[in-house]
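All remarks here apply to the structure that follows.
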Amino acid sequence: MKRRERTRQLIELGGLVAKADLIELTGDDRAVILGLLVESAATLRGESREQQLMKWRRRGRRAFSAESAEAI
């Protein structure tokens, strides 16, 4: 069961990369996408972690809201 859960998680995370338009915006350059993620992780290790999490959480919630509003 753990393997299925892990597979589902990876698929969902890939979907988030797609929803953020990172595939199109980077020309599907996986090194660039990984670089973006590594840079984000470095930011989260810094002193501004909590502020950055709040900022990204707001943006993410707005993106989810906009997506659900478009589906209507």
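Basis for what follows: all heavy atoms, side chains included, without hydrogens, waters or symmetry-related copies.
Residue pairs that meet the salt bridge (Lys or Arg N to Asp or Glu O under 4.0 Å) test with at least one member in residues 54-64, sequence neighbours left out, do not exist here.
With sequence neighbours left out, E39 forms a side chain to side chain donor-acceptor pair (under 3.5 Å) with no residue at all. Residues satisfying the salt bridge (Lys or Arg N to Asp or Glu O under 4.0 Å) criterion with R30, sequence neighbours excluded, are D28. Every residue was checked against the salt bridge (Lys or Arg N to Asp or Glu O under 4.0 Å) condition with R6, not counting sequence neighbours, and none meets it.
Closest non-hydrogen pair, Q52 versus T43, comes out as CG-CG2, 3.6 Å.
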Which donor-acceptor pairs under 3.5 Å do side chains of residues 15-25 form with protein atoms, sequence neighbours excluded?
| unit_1 | atom_1 | unit_2 | atom_2 | d |
| --- | --- | --- | --- | --- |
| K19 | NZ | E67 | OE2 | 3.3 |

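Apart from L34 itself, the hydrophobic cluster it occupies contains V38, where clustering links Ile, Leu, Val, Met, Phe, Trp and Tyr at side-chain heavy-atom distances under 4.5 Å.
Interatomic distance, CZ of R45 versus OG of S40, reported as 10.5 Å (0.5 Å rounding). Note that the CZ atom of R8 and the CG atom of L10 stand 12.0 Å from one another [nearest 0.5 Å].
L36 and W56 fall into different hydrophobic clusters, where Ile, Leu, Val, Met, Phe, Trp and Tyr are joined by side-chain heavy atoms under 4.5 Å apart, directly or via other members.
No more than 12 heavy atoms of other residues, nucleotides or ligands shown are found within 6.0 angstrom of CD on E47.
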